[in-house]
2 protein chains.
Amino acid sequence: MSIGKSIKRVDAFEKVTGRARYTNDYLLNNALIAKVLHSTIANGIVKKIDISEASKLPGVIKIITCFDVPDITFPTSGHPLSLDIHHADIADRKLLNTRVRYYGDDIAAVIAKSDLIATRAIRLIKVEYEEYEPIMSIDAALKQGARPIHKNFPNNILTHSNYQIGNYDEAIKEEGLILIEGEYITPMVKHCHMEAPISYAYAEAGKMVVVTSTQIPHIIRRIVGQALGIGWGKIRIIKPYIGGGFGDKQDALYEPLNAYLSYIVGGRCVKLNISREEAFVNTRVRHAMKIKIKSYVRPNGRFVARKIEVYGNKGAYASHGHSITSKAGNASKQIYNDEKAIKGDMYSVFTNMPASGAMRAYGIPQITFALESHIDDIARKLDIDVVNIRKLNMMKPDYEDNGIKCYSYGLDECIEKGKEYIEWDKKIEEYKHQTGLIRKGVGMAIFSYATGVYPILLETASCRLVLNQDGSVQVQMGATEIGQGADTIFTQMIAEVLDIPVQNVHLVTTQDTDVTPYDSGAYASRQSYVSGMAAKKAALELKEKIIEHANFMLKLPMGSLELKNSMIVNKENGDILASLEEIATHALYNVEKSVHITADVTNQCKSNTFSFGACFADVEVDMAIGKIKINKVINVHDCGKVLNPQLAAAQVHGGMSMSLGYGLSEQMLFNEKTGKPLNNNFLDYKLPTVMDTPHLEAQFVDTYDISGPFGNKALGEPPAIPVAPAIRNAVYHATGVNFNIIPLTPQRLVERFIEEGLI
Amino acid sequence: MSIGKSIKRVDAFEKVTGRARYTNDYLLNNALIAKVLHSTIANGIVKKIDISEASKLPGVIKIITCFDVPDITFPTSGHPLSLDIHHADIADRKLLNTRVRYYGDDIAAVIAKSDLIATRAIRLIKVEYEEYEPIMSIDAALKQGARPIHKNFPNNILTHSNYQIGNYDEAIKEEGLILIEGEYITPMVKHCHMEAPISYAYAEAGKMVVVTSTQIPHIIRRIVGQALGIGWGKIRIIKPYIGGGFGDKQDALYEPLNAYLSYIVGGRCVKLNISREEAFVNTRVRHAMKIKIKSYVRPNGRFVARKIEVYGNKGAYASHGHSITSKAGNASKQIYNDEKAIKGDMYSVFTNMPASGAMRAYGIPQITFALESHIDDIARKLDIDVVNIRKLNMMKPDYEDNGIKCYSYGLDECIEKGKEYIEWDKKIEEYKHQTGLIRKGVGMAIFSYATGVYPILLETASCRLVLNQDGSVQVQMGATEIGQGADTIFTQMIAEVLDIPVQNVHLVTTQDTDVTPYDSGAYASRQSYVSGMAAKKAALELKEKIIEHANFMLKLPMGSLELKNSMIVNKENGDILASLEEIATHALYNVEKSVHITADVTNQCKSNTFSFGACFADVEVDMAIGKIKINKVINVHDCGKVLNPQLAAAQVHGGMSMSLGYGLSEQMLFNEKTGKPLNNNFLDYKLPTVMDTPHLEAQFVDTYDISGPFGNKALGEPPAIPVAPAIRNAVYHATGVNFNIIPLTPQRLVERFIEEGLI
């Protein structure tokens, strides 16, 4: 039995020895190198591009501009194709664009013999623009008369979605309700995956092949086909190991352009080099959001009616914007259920900033910062315990919303475990009546998170298994390893069902759309749930076929045998009758009935379940310098059955680190006048280093989710959700100051403390 | 409909543009290079190897000798594993051998940073031998008291097999029978594939990966596992395009050693460089044979009883020797059926020469040279027409021998077509009464050839199909493209069944045992027959699933739809209801019932059928210089339905060229005293060049074989069979001299003409 055990990652040896191969490691010699020319204005139109000087540079093979590319607009967001046009992704960009929508927009590309030549050529290209004033905020975009960034969206609103439960206007009439309002602001931040989104492309066997660092190879195939206007069967995407994605690579980034660049040089191999500075602004970012909440609450803290407005800063292109802002708004009604009514309005707003896309937890870090700040604001205003007010209002077992159901429930227990670790009650007592410049406080936050995208979008995944002649099993999955340990988890699942050692499960880590079964890919914390079920079903089918052949080989009746510990045994008394290796060898090589034992199974998932978690933080604030020190911090998760405790903890550590940076230091900065990015590098963008990081405690509660393949549910993204608001609330507890904006930088703290007369 | 059409090869563009990638083209930088040290004696024992000087050479990474390798003997011949130990392949060599069995045996290997360093190191290794007299002929090997080359085979006979039909001793007592005896000698020749059998190996993801130029990737996987003593699931073989095989690469050549070399340097990538000189003697060769025939014939030419003895020169190691000599002997009774009795004894004999293995037509070129020479000898002795004597005795429709059945029969027609092209009757008349130094003649030869290896060995093949969302189809087959056009033929078959354009069939040409379905590989002219049936079955299954989904999508009853011309149509009236593309897109993306339409089918073949052919040649002999000029030559084949006329003709041209060289100029030569090869290079080994090659006429007769997937049967090897004997017989006709040995070199001709007093 391997489920629930901390087996070593299947890629551990490869990765620690440096032998694991990433996109760049597969590149053959003599590839051409391409570089992109980015606009130096944030809003406007390219009038003219002069490539004459650049073209003369020896070693330049080809230069294309936004005037040369096919007149095809395509969507980039990594969703399965929706057959319902109302849910279709927005096609709003070309391979290169004459309409410049942010500082850095792609307007030309150079293919040359080397990176150096390409870079020099880029500098020799002269561009004439017609320039407009950059729209650098949601408010500016929504201002009456603001210039539309996309002509199809005259108000700069990509989407406005909404919901209403109950009768809000009636509900707020209840006597004795207290109205509490808040506005919460979250920053634009970056995924900061180690590996840039590099790719290379070449033509082979009548196909355009793109080797790329992506989370979603099968979806990229479709989007490259759409962008180039050719049949998807003529595209082949290969995805080796990748150095992190975190949602950025759940989008078609430069793959379509890269494919086109190879195409225009007759299918020669072209590698598109993307620098760290480009990766910051020319891929995707997390939506900055402004969230307004109006809550009508009884004096005991019970929510009666609530209205929420979510404004997502979409940036220049649609990407995932239509669904992220909407998901954020919807999540607000799930974690907390008002007694009478709740309504939400979600706006996704174009600005002249980098395009916002998917990033770990897809809108939920933003809404959770707002909600969890808001509930602390309420609790402290009403002088109610912050834990109790949450317990009073939060989601209860058996809750269901729009097809997402609470099949298992460990939220209460998450809170209790977190309280215990942080010594909550003791600290509340201890931190009363503080004076001086060092103030201590504890804070917390909770959340719920869905597992996968059902029923909004299609959930489908496939797994192919082949029995090797030594009794080991070959596994092919469309689901992708992106560092999270997916390969290891699937290996455990298959070993579990077949009852063979994990060493005998050989999973092919590289996805190659020519041979890999279909799967939507790594996002929405879906893979262990949706793809894991495909793995389980395939293993069950393989087991059945193995036993069927054992019956044939041993001339024994069906139903008399089972597969145990790599042996075929008598079901009645456990006698060993043959080894799996003997069955496997006989199956293929016997001349009476040779069979190639395989299973190729697709799992369409029609369920969705909620994961839960809580974060507790114990902080001290150095008031004079605005520095927050984390004394203790814990995430407690209910992710159903924990499949591999060590991997699960690693997942939580990574997420907590992200949420820590989100709360304390990370934000993308721009020149407000020109739109030029100011900190698109690791010197100026303040990602937490190991020096900034406290011990990150990860704990789990023990639940079992009947809808998951092995009792499991989402854990990929949730860890990145609650740390920021928990810290914000701890700072509130410590200082009495309720910051409604992150990151909580020293500058921001000091300014506010002065304002409040605290220093 | 694409079957029967000369569609362009699917790999044509890649190959003519030089873009097709072969093993060497996939090699990444920084691979280590290995070279093998070969023995400089032909028979003996390695006493000591001194690597001290070689080891000191900078850049040498590792040297291993025959004293270091695992004590495991393994078989090399490319057959599916036989579960019956009596049919098991002979395990008779280690990775490196202390017992030297031919000049050039592998006794050590160097791994170094470059080819140059490895080559220099090889030269610095000092070897001490205990030397025995080389055994350089079948006769010497069989001589009483000859030293055994393998200790398990004390008489130097690898196998002696035999058959007896009827009572030979009784049959020969018939009155009036004429006894005609002959002894026929064929040379040791070489496949001469363009690409040397290079390979490289590295460890990845817990597996040993070998990228290699082989015909049989799945079998190589098993043999590498056997040779290294590890589970076959831990081996991965990748086979890119290959530059010819012709049977040489139906053997494990250096793959096991290469895998081991990587293993001993911790899995680093090691490329084993094999030169042309090595490829000549250190891979496999075609068995030289000595064939004795004793025929009892009636005056009208009818064969009554016959006895045949076949001696195959096995060389140093078993390889395919046990089956090739046996197959040659058995074929003798198939093409010609004696009225009363026939018996055969086949001996495969070890010598201190390169190991004989599979080469195009697997023993049949040798036996056909003997038989077709013999029957001309009989005809001329009895003064019977050489065509008529064949017709009198040759295989008739519905013949069956040991599970191989004549399901279709075009032999008569082959002969008639050949006669017509060569203007046989006219030439017979014209070439009467010749004098002078230029003599003209016509000759012919016929043959039969089985399709695949059933029932001797397992015949199994698999095909996996995936429907792409644009309605095109992804194909994976274990069957290998080795230049013969297999990929094109499978593409046609699948297009035919599905009724889609061949452009919409995307076949993955590279076999990778991690993801490619099982197939034994390219040999025995089996693939279009056995693997083709797998392709057909898979396409039928895919079609059924497509129609099933169309029924679901269109809400129409089962049985009402069919797939025609990439459209789903109303079966009754042919109305177009949806395109295949629409069905394919809907199948994957609809949220009600998403299906990933695939088919993964294994075909175990339990039939075998005979192909036929005839060659006619019109030659002129320049008696004074012993030079044979081919005026006209034609092969006419009955290969059932011709799947692609242009490809079929190309196949015939290649085979005829091989048989031409076999008859006229090719032979491997050795120093009889030392065993040293004398002409293992293209300067001294006389492969016909384009200057030596006449127009090669290829024609076909129209039959349809019910046992083949599309009426087709063997064509891969047969073209290489009949040209040599047809030329020999034409020379006989021209000069009256019956050479019973090939090649018919000028030296051989002149010596004999002098002997006969003709010049």
Side-chain angles (χ1 to χ4, degrees), chain A residues 10-11 13-14 19 21 25-26 28-29 80-84 203-207 222 225 231-234 267 455 457-460 462 464 466 468-474 476 503-504 506-509 512 514-518 581 585-586 588-591 593-596 598 600 602 604, chain B residues 10-11 13-14 19 21 25-26 28-29 80-84 203-207 222 225 231-234 267 455 457-460 462 464 466 468-474 476 503-504 506-509 512 514-518 581 585-586 588-591 593-596 598 600 602 604:
Chain A
V10 296
D11 49 5
F13 181 83
E14 304 287 301
R19 192 173 267 168
R21 291 203 275 173
D25 300 316
Y26 283 94
L28 294 169
N29 292 330
L81 183 76
S82 180
L83 296 181
D84 175 0
E204 189 170 73
K207 292 204 174 192
R222 185 253 301 167
W232 310 345
K234 293 200 177 69
L457 288 167
L458 174 68
E459 273 299 6
T460 181
S462 307
R464 178 168 187 258
V466 176
N468 288 321
Q469 285 78 68
D470 62 353
S472 66
V473 172
Q474 213 54 42
Q476 286 176 271
Q503 293 78 5
N504 284 0
H506 303 296
L507 188 143
V508 178
T509 189
D512 171 347
D514 262 14
V515 299
T516 304
Y518 187 87
E581 180 170 3
T585 305
H586 185 270
L588 188 66
Y589 293 118
N590 87 87
V591 293
K593 194 180 85 177
S594 165
V595 284
H596 185 209
T598 67
D600 197 347
T602 295
Q604 183 180 6
Chain B
V10 295
D11 49 4
F13 181 83
E14 304 286 303
R19 193 174 267 171
R21 291 203 276 172
D25 300 316
Y26 283 94
L28 294 169
N29 291 331
L81 183 76
S82 180
L83 296 181
D84 174 359
E204 189 169 72
K207 291 202 175 195
R222 186 252 301 168
W232 311 345
K234 294 201 176 70
L457 289 167
L458 175 68
E459 273 298 8
T460 180
S462 307
R464 178 168 186 258
V466 176
N468 288 321
Q469 285 76 70
D470 62 354
S472 67
V473 173
Q474 213 51 46
Q476 285 176 272
Q503 292 78 3
N504 285 359
H506 303 296
L507 188 142
V508 178
T509 188
D512 172 347
D514 261 15
V515 300
T516 305
Y518 187 88
E581 182 171 2
T585 305
H586 185 270
L588 188 65
Y589 294 117
N590 87 86
V591 293
K593 194 181 86 177
S594 164
V595 284
H596 185 209
T598 68
D600 196 347
T602 294
Q604 183 179 6

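Residue numbers begin at 1 in each chain, while the letters A, B, ... track the order of the sequences.
Looking at A/Pro455, neither its backbone nor its side chain comes within 4.5 Å of chain B, counting heavy atoms on both sides. For B/Asp514, the parts lying near chain A are the backbone and the side chain together; criterion is any non-hydrogen pair under 4.5 Å. Of the atoms belonging to B/Thr460, it is side-chain heavy atoms, and not backbone ones, that fall under 4.5 Å from chain A. Of the atoms belonging to A/Ser462, it is side-chain heavy atoms, and not backbone ones, that fall under 4.5 Å from chain B. With a threshold of 4.5 angstrom between heavy atoms, A/Lys234 approaches chain B through its backbone and through its side chain. Contact of A/Asn590 with chain B is made through backbone and side chain together, with heavy-atom distances under 4.5 Å. Residue B/Tyr518 touches chain A through both its backbone and its side chain, counting heavy-atom pairs closer than 4.5 Å. In this structure, no portion of A/Asp84 lies under 4.5 Å from any heavy atom of chain B.
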Inset, instruction - Mind running side chain to side chain contact (heavy atoms under 4.5 Å, CB included) on B/Asn468 and B/Val473 for me, showing each step along the way? - result: CA-CA 5 Å; B/Asn468 288 321; B/Val473 173; 5.9 Å; no
task: Applying side chain to side chain contact (heavy atoms under 4.5 Å, CB included), run through A/Leu458 and A/Gln604 and close with a yes or a no.
output: CA-CA 8 Å; A/Leu458 174 68; A/Gln604 183 180 6; 3.6 Å; yes
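Note: A/Leu588 leads A/Leu457, A/Leu588, A/Leu507, A/Asp25 in heavy-atom pairs under 4.5 Å with chain B. Put simply, of B/Pro517, B/Ser472, B/Ala203, B/Pro80, the one with the most heavy-atom pairs under 4.5 Å next to chain A is B/Pro517. When the candidates A/Glu459, A/Lys207, A/Glu581 are compared by the number of heavy-atom contacts under 4.5 Å with chain B, A/Lys207 comes out ahead. The greatest number of non-hydrogen atom pairs below 4.5 Å with chain A, out of B/Arg464, B/His586, B/Arg222, B/Gln476, is found for B/Arg464. In terms of heavy-atom pairs under 4.5 angstrom with chain A, the leader among B/Val591, B/Val595, B/Asp11, B/Val10 is B/Val591.
A/Thr585 places a side-chain N or O within 3.5 Å of a backbone atom of A/Gln469 that can act as its donor or acceptor partner.
The closest side-chain heavy-atom distance from B/Val466 to B/His596 is below 4.5 Å. Between B/Glu204 and A/Glu14 the shortest side-chain heavy-atom distance falls below 4.5 Å. Using a 4.5 Å cut-off on side-chain heavy atoms (C-beta onward), A/Val508 and B/Val515 make contact.
Contact between B/Leu81 and B/Trp232 at its shortest, heavy atoms only, is CD2-CH2, 3.8 Å.
If you take CG on B/Asp600 and CG on A/Asp600, they are separated by 6.0 Å, rounding to the nearest 0.5 Å. Between the OG1 atom of A/Thr602 and the NZ atom of B/Lys593 there is a distance of 12.0 Å, given to the nearest 0.5 Å.
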